[in-house]
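See below for the structure under consideration.
Basis for what follows: all heavy atoms, side chains included, without hydrogens, waters or symmetry-related copies. Fair warning: this is a prediction, and the values are worked out from it, not measured in the lab.
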Amino acid sequence: MSANAPGQDLWSRVDEPILRWVAALPSTLAGDAIRYTVADAEFDEDVPGVTGADAEASFTRLLGAGLVTASDRGGTMGPARRDSLSNLRVTPAGLVLLGEWPDMERIATASGVHHLLRAVAEQAPDEQQTALRRAAGLVGRTMDGVVRDTLMQTAGAAGGDLADGA
């Protein structure tokens, strides 16, 4: 594929495939250094049409946008270039962009929680349905900001509990 393939922008031709490649890395490789050369005609067989130079520029863009995180070992190419990255992984923002992580801004709305509680109520035992429907009604009448703040605090606390237990 040429660098200027018709109908493909930089995101769909290079950055998205590189981001998906990083997301597909086995967790056992995440800590290993990913080495490549800018002169490589092909960065990786799983990312066809992307050269080493394309990959270097993409990693710079993805790191700068906060879509991936990595340790930069610098290699022999100087501070402006990367030829060795370790601990390479997709950030939650990158996973949201790939559609593999929930976007809390979109799902933490009164409407989203309202519909979730209504769906749960339909599947709940009879003695729990009334309480769940009342909760759904309350959420439906509550401002989005209050629900979002509460969910974010709860998620943050849960994340802290998970980190403490790890």
Side-chain angles (χ1 to χ4, degrees), residues 1-113 115-116 119 143-166:
M1 181 180 295
S2 73
N4 297 316
Q8 284 201 318
D9 61 6
L10 189 59
W11 166 254
S12 60
R13 188 181 66 77
V14 179
D15 292 342
E16 182 181 12
I18 291 286
L19 186 60
R20 290 193 182 283
W21 178 83
V22 173
L25 286 175
S27 60
T28 56
L29 289 180
D32 294 344
I34 304 299
R35 298 185 197 291
Y36 61 93
T37 322
V38 173
D40 287 344
E42 186 171 78
F43 166 69
D44 187 275
E45 65 184 25
D46 292 331
V47 192
V50 175
T51 67
D54 290 335
E56 178 196 13
S58 181
F59 283 128
T60 299
R61 287 187 297 273
L62 295 172
L63 286 160
L67 300 176
V68 298
T69 184
S71 300
D72 183 354
R73 295 202 174 154
T76 59
M77 299 162 57
R81 294 181 169 253
R82 295 177 172 87
D83 69 345
S84 178
L85 297 168
S86 62
N87 299 316
L88 186 61
R89 60 189 179 281
V90 178
T91 65
L95 291 170
V96 167
L97 191 62
L98 292 175
E100 296 181 16
W101 189 276
D103 183 345
M104 290 304 286
E105 290 295 318
R106 280 191 15 210
I107 66 167
T109 64
S111 175
V113 174
H115 290 293
L116 176 65
M143 295 184 334
D144 281 343
V146 173
V147 174
R148 184 179 15 258
D149 291 346
T150 303
L151 286 173
M152 295 304 270
Q153 288 173 355
T154 303
D161 291 345
L162 290 173
D164 293 341

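Atom-to-atom distance recorded for Leu63:CG and Leu88:CG is 7.5 Å, nearest 0.5 angstrom. A distance of 7.5 Å separates CG in Leu95 from CG in Leu19, rounded to the nearest 0.5 Å.
At a threshold of 4.5 Å between non-hydrogen side-chain atoms, the residues Arg89 and Leu25 do not count as touching. The shortest distance between side-chain heavy atoms of Val14 and Phe43 does not fall below 4.5 Å. Two residues are said to be in side-chain contact when any heavy atoms from C-beta on lie closer than 4.5 Å; Leu10 and Arg61 meet this criterion. Here the side chains of Asp44 and Val50 are not in contact, with every heavy-atom distance at 4.5 Å or above.
Closest non-hydrogen pair, Ile18 versus Leu62, comes out as CG2-CD1, 3.6 Å. Considering every non-hydrogen atom in both Gly66 and Ala93, the closest pair reads O-CB, 3.9 Å. Looking at every heavy atom in both residues, Gly49 comes nearest to Asp54 through O-OD2, 3.8 Å.
When atom types are taken as modelled, the side chain of Thr51 and the backbone of Asp40 share no donor-acceptor pair closer than 3.5 angstrom.
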